[in-house]
Structure formats: C-alpha cells, structure tokens
Colleague: 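Here it is, the structure in full.
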Amino acid sequence: MEGEPVNVNEFQELARQALPKMHYDYYTGGAEDQYTLKENVEAFRRITFRPRMLVDVSRIDFSTTVLGYNISAPIMIAPSGLHKLAHPEGEIATARAAAVSNTIMVLSSMSSCTIEEVASSCNAVRFFQLYVYKSRDVSAQLVQRAERNGYKAIVLTVDVPRLGRREADIKSKMILLQIKNFEGLSSTKVDNDDGSKLEAFAKRTFDDSLCWRDIGWLRSITKLPILIKGVLTREDAIKAVEVGVAGIVVSNHGARQLDYTPATITVLEEVVHAVGGKVPVFLDGGVRRGTDVFKALALGAQAVLIGRPAIYGLAAKGEYGVRKVIQMLKDELELTMALSGCPSVKDITRSHVRTQHEKFHSML
Ligand code: HOC
C-alpha cells in the first residue's frame with residue numbers, strides 16, 4: 001500500500017503485515033464457518049440511506065453522552081483481549097488514544113496490562129469488562145480493583161459460558177501469554193498440548209453456570225452501573241432491564257462465539273424496541289466505516305464500540321494508529337451526517353436509513 005492508510009480496511013492490511021500470523025489470526029478470526037464474521041460487515045452494506053436535502057449542515061456536532069459522560073463522538077473502544085500481542089505498549093497505548101480522542105475505553109479483563117497500569121497511564125473514562133469466573137472471589141476482586149482505580153462501569157460479557165470454536169486458534173495452538181490481571185489471583189497455566197490454550201483456559205476458569213439471578217450477586221458487590229454485553233434477542237433485552245442493568249450492548253462477540261448468530265446490526269432494532277428507552281442500547285460488531293456508525297444510530301443505538309479496528313490501528317502504528325482509526329471514523333461520520341442532512345446526533349432518525357426488505361409504504 002502506498003502512503004498513509006485512508007480507511008480501516010487499509011489499517012487491517014498494515015496489521016496483517018506487522019503481526020505474526022498466529023496473532024493476526026487470533027484477532028481477525030471468527031467461530032467455525034465464520035458466517036457471522038462476514039455477516040457482521042455485510043449486513044451494514046445492505047442498509048442504504050434516505051438523505052434529506054436543504055438542511056443547514058454548516059456546523060456538525062457528533063458529540064454525545066454515555067452514562068452521563070460527554071464523549072467527542074458515539075464511538076467507543078470495545079473490550080478485546082491481549083493488546084500486547086498487537087503492540088508492545090498494549091492497552092496503555094489504546095487507553096491513551098482513547099483519552100486523546102475523548103472517548104471511552106472498555107478494558108478487557110483479559111488484558112495484557114493490568115487494571116492499575118491502564119488507570120495510571122491516562123485520564124480516559126474507562127469501563128471494565130468482566131467475565132464471571134468459577135471463583136467468585138477472583139471475579140469480586142477484579143470488580144473491586146476496577147472500582148478502586150476509577151473505572152466508571154462494569155461491562156458484563158454474557159456470551160461465553162464456553163469459548164467459541166475458533167479454528168485458526170486451534171490450528172495455531174494459540175498460546176496464552178500476557179493475561180496480567182490474574183497474577184497473584186489465579187494461575188493461567190494450562191496443561192493441554194493440543195489446540196487453543198485460550199479454549200482450555202476458558203473451560204477451566206469461566207463459570208458456565210452463570211444465570212440471570214447472578215446479576216443480583218454482581219449488583220451486591222459493586223456500586224458501579226452494570227452494562228450487559230452479548231444480548232441478541234428481545235427476550236434477553238427484557239430480562240436485562242428487569243434485573244436492573246444500566247445499559248445493553250448488542251454483540252455477538254465479534255462473531256467469535258456462536259456462528260450463525262445474526263449480524264448485530266440486524267437485531268439492533270428488536271432490542272431497542274424491547275427496551276423501550278428504559279436503558280441505552282449500544283452495538284458492536286462489523287463497524288468499519290462512519291456510515292456504519294450513522295446506520296447504528298439511526299436504528300436506535302446510542303453509540304457503537306469498535307474492537308478489531310482499534311486493534312488494527314494499534315498493530316500498525318501503536319497509540320497513533322488507534323487515534324488515526326478513531327479520527328477516520330469520526331471524519332466519515334461527520335461527512336455522512338452532512339450529506340444526510342443531520343447537523344447533530346439527535347437529528348439522526350429511523351427515517352434516514354432503509355433496510356433491505358423495507359417497502360416504501362412502511363416508511364410513511
Ligand atoms: C483466555 C480466555 O474476548 C476473545 C476475548 C477473550 C476471550 C477469553 C479468552 O478472544 O474473544
């Protein structure tokens with residue numbers, strides 16, 4: 001590629017060139033046939049625009065708020081594991097980029113820098129992503145460390161009772177390096193010599209008996225608001241509101257868990273309608289363009305989270321790369337808003353997009 005990358009896909013190509021194959025495959029891979037992996041991106045392409053003309057778009061404001069925190073754009077950084085496999089500075093570089101970009105980073109509990117290191121490295125608003133482990137004590141200690149270190153919300157991932165079957169990781173015998181938050185708490189050593197070590201670790205460690213009543217337990221051990229990540233149906237959205245979550249992330253875990261789940265953008269409206277405005281709804285999965293961000297907002301998301309795009313930026317150019325990726329998406333979003341006749345995020349409505357099977361009549 002000649003010159004600077006001009007979009008997220010070009011950053012992906014730079015990441016591919018920069019990383020060892022095992023690490024690139026870990027980040028980019030999906031589960032089994034990778035149907036959902038492709039769909040997450042393709043489904044955005046099937047949504048087209050209904051732009052309005054002759055609107056004053058001389059000033060575009062895409063800032064927004066998430067749980068009361070003002071951020072520069074409705075684009076946050078999704079939790080993803082092991083950033084040091086992408087760049088030696090790991091999550092510290094990602095967090096600094098989030099701070100400079102004035103957005104929120106969700107730190108994965110599977111991070112390669114600790115909760116404390118990330119907290120002391122920058123003043124970004126940070127949320128902490130949690131898996132619940134067989135040892136409730138380990139889970140509680142992580143939550144308390146996040147709370148003590150100024151993280152502002154817990155993002156509970158609910159779609160990993162077991163790890164999805166990621167065939168690239170099985171083939172490469174993906175190694176389990178760098179999970180730092182567990183030091184002194186629990187061993188990350190796994191004995192199997194076959195297949196993905198991540199899978200073996202998850203099987204041994206993650207609590208696959210976790211269920212709705214356990215949200216009560218989580219609420220009892222923290223004052224932080226709890227977002228639930230991994231909801232794909234109206235049934236689970238309603239339950240999530242009933243158990244008192246502060247927000248829902250529509251997510252299929254970057255297509256890394258159950259293959260043949262629908263693309264997140266195709267179920268966003270179902271979840272938004274079920275929730276009925278009681279809590280904010282966010283989306284991750286497949287966001288590669290500012291146009292995708294606009295489409296998610298039009299279908300009811302308050303903001304999106306980017307996972308792989310941030311990793312591509314990090315792998316290619318460290319903190320600068322993550323900042324560039326966020327800036328590119330912001331620039332594309334700004335242009336989309338201008339060309340659609342939406343000077344602020346509040347002006348983006350359902351009637352600004354057309355989904356594939358929508359008939360003209362249903363828009364009236
Ligand atoms: C060690 C267990 O969310 C991913 C991450 C981490 C999953 C747990 C790995 O790879 O999808």
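Counting convention: from 1, in listed order, for ligands and their atoms alike.
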Colleague: Between D137 and S135, do the side chains contain a donor N or O and an acceptor N or O under 3.5 Å apart?
Modeller: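 No.
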Colleague: Find all atoms of ligand 1 within a distance of less than 4.0 Å from any non-hydrogen atom belonging to Y26, and give their numbers and elements.
Modeller: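 So the atoms of ligand 1 that pass are 4 (C), 5 (C), 6 (C), 10 (O).
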Colleague: Show me which atoms of ligand 1 lie under 4.0 Å from any heavy atom of F201.
Modeller: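 Answer, ordered by atom number: 1 (C), 2 (C).
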Colleague: Test of understanding: given a 4.0 Å heavy-atom threshold, classify the contact between V160 and ligand 1 as side chain, backbone, both, or neither.
Modeller: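 Within the 4.0 Å criterion, V160 makes no contact with ligand 1.
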Colleague: Taking the ring of F49 and the ring of F294, is the distance between their centroids below 6.0 Å?
Modeller: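 Between F294 and F49, the centre distance is under 6.0 Å.
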Colleague: In terms of atom number and element, which parts of ligand 1 are under 4.0 angstrom from non-hydrogen atoms of R166?
Modeller: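 Answer for ligand 1: 4 (C), 10 (O), 11 (O).
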Colleague: May I ask you to list the atoms of ligand 1 that are less than 4.0 angstrom from any heavy atom of L198?
Modeller: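 Result: 1 (C), 2 (C).
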Colleague: Heavy atom to atom 9 (C) of ligand 1, shortest distance: which of L163, D159, T157 holds it?
Modeller: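 Nearest heavy atom to atom 9 (C) of ligand 1 lies in L163.
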Colleague: Please identify which atoms of ligand 1 are closer than 4.0 Å to at least one heavy atom of R256.
Modeller: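 Listed by number with element, the hits are 4 (C), 10 (O), 11 (O).
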Colleague: Taking atom types as modelled and ignoring hydrogens, do the side chains of S172 and D25 form a donor-acceptor contact shorter than 3.5 angstrom?
Modeller: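 No - no donor-acceptor pair under 3.5 Å links their side chains.
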Colleague: Is it the case that the side chains of N252 and T264 hold a donor-acceptor pair, with the cut-off being a distance below 3.5 Å and no angle test?
Modeller: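 No, no side-chain donor-acceptor contact under 3.5 Å.
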Colleague: Is a side-chain donor-acceptor pair under 3.5 Å present for Q257 with R166?
Modeller: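 Yes, because at least one side-chain N or O of R166 sits under 3.5 Å from a partner of the opposite role on Q257.
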Colleague: Taking the six-membered ring where the residue is Trp, are the ring centres of Y133 and F206 under 6.0 Å apart?
Modeller: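 Yes.
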